[in-house]
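Since the structure comes first, as structure tokens, the remarks are kept for the end.
All heavy atoms count here, side chains included; hydrogens, waters and symmetry mates do not. All ligand and atom numbering here is 1-based and tracks the order in the structure.
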Amino acid sequence: MNEELRGDAGAAPSLVIIPTYNESENVGRLLETLMASYGRSLDILVIDDCSPDGTAEIVRRLQERFTGLHLIERAGKLGLGTAYITGFRWALRRRYRFILEMDADFSHDPASVGALIAAAEGADLVIGSRYVGNRVNVVNWPLGRLILSKGASIYTRLVTGMPVADPTGGFKCFRREVLEQIELDRVASQGYSFQIEVNFRVWKKGLRIVEVPIVFTDRTVGLSKMTKENIREAVWMVWMLKLKSLFGRL
Ligand SMILES: Nc1nc2c(ncn2[C@@H]2O[C@H](COP(=O)(O)OP(=O)(O)O)[C@@H](O)[C@H]2O)c(=O)[nH]1
Ligand SMILES: [Mg+2]
């Protein structure tokens, strides 16, 4: 049987995609935690961009113990957005019903994965949201970073009209049909604006987006990979999305 169409007798596992760049201090512990918590109900795909710190080597070693752990190694740092597109295509060649996004740095609590999948039974896209209601569920972020994130959320909503409180968050769960419906070829974002763009495309298709509250905790080890270029891309990307949809070119 074609390995790509692998499926077992029981319910197909869900897949969590984790992009990594220099996450050697986090990735081993995160993968062990996920495997211990979810066992065979969750497969994991790490997309590593040739991290110089040996992140991929740690994943390869864990693959000897965990059959549901997969790794794609790319030639260089090609951006968060393209990492997820690569992961989505990989997932759609297999039988996963639910496909998740998650950071490698423990900002996203592994204990919340189950809640995101459960919520996706009644939604097309579930966003783990830091800003549900009037709350700001962010722990240990520097004030500047919090203002940037909150500001980006308000700016995105003002420009696009999309009713999502936390459009830049990266802890999400998609039903596979959603990824089949949005044209992955058309996603233009290379970096972090990918999160806004995908939400916008899902919303414009009239699909159901639900936000569930999560607590986001700043990383304790390793460095953020957010760059000024990521911010610039997001600033013009929301206008691009708005204009493309106005002219029917999304
Ligand atoms: N493969 C890949 N992963 C990336 C890239 N940029 C960031 N990441 C990963 O994306 C996740 C979020 O990045 P992070 O630096 O924590 O961003 P922040 O939380 O917004 O400061 C982490 O798991 C990073 O290792 C990239 O260019 N390629
Ligand atoms: Mg982070």
Lys/Arg N to Asp/Glu carboxylate O, [X] vs [Y], below 4.0 Å:
X	Y	answer
R60	E57	yes
R97	E121	yes
E23	K225	yes
K205	E177	no
E32	R65	yes

What protein heavy atom sits nearest [atom], and how far off is it?
atom	value
atom 15 (O) of ligand 1	K225 N, 2.6 Å
atom 28 (N) of ligand 1	D49 OD2, 2.7 Å
atom 4 (C) of ligand 1	Y21 CB, 4.0 Å
atom 5 (C) of ligand 1	K77 NZ, 4.0 Å
atom 17 (O) of ligand 1	Y192 OH, 3.2 Å
atom 8 (N) of ligand 1	L80 CD1, 3.9 Å
atom 21 (O) of ligand 1	S224 OG, 2.5 Å

cation_pi(K77, Y21) dist<6.0 Å, angle<=45: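 Relative to the ring axis of Y21, which defines the angle, K77 lies inside both limits.
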W90 six-ring face occupied by R94 cation (under 6.0 Å, within 45°): yes
Judging by distance only, is a nitrogen or oxygen of [X] under 3.5 angstrom from one on ligand 1?
X	value
G79	yes
R74	no
P19	yes
F216	no

Closest to atom 14 (P) of ligand 1 (judged by heavy-atom distance), picking from R219, M102, M226: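 Of the listed residues, R219 has the closest heavy atom.
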Whether over 12 other heavy atoms sit under 6.0 Å from R135 CZ: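 No, the 6.0 Å shell around CZ holds no more than 12 heavy atoms from other groups.
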Aromatic ring proximity, centroids under 6.0 angstrom, Y84 and F194: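 When the ring centroids of F194 and Y84 are compared, they turn out to be within the sub-6.0 Å range.
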Between F171 and F216, ring centroids under 6.0 Å: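 No; F216 has its ring centre 6.0 Å or more from that of F171.
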For ligand 1, which atoms have a heavy atom of [X] less than 4.0 angstrom away?
X	value
I47	1 (N)
T20	1 (N), 2 (C), 3 (N), 25 (O)
D103	11 (C), 12 (C), 23 (O)
R145	18 (P), 20 (O), 21 (O)
D105	16 (O), 19 (O)
E23	22 (C), 23 (O), 24 (C), 25 (O)

Criterion side chain to side chain contact (heavy atoms under 4.5 Å, CB included) against L125, the qualifying member of N199, L207, L179: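 Going through N199, L207, L179 one by one, the side chain to side chain contact (heavy atoms under 4.5 Å, CB included) with L125 is satisfied by N199 alone.
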Heteroatom test (N, O or S) for D218 near the Mg ion (ligand 2), limit 2.8 Å: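 So D218 does not bind the Mg ion (ligand 2) by this criterion.
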L78 backbone acceptor or donor facing D49 side chain under 3.5 Å: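 A pair under 3.5 Å: yes.
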Name, closest N/O/S atom of D105 to the Mg ion (ligand 2):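 Atom name of the closest N, O or S in D105: OD2.
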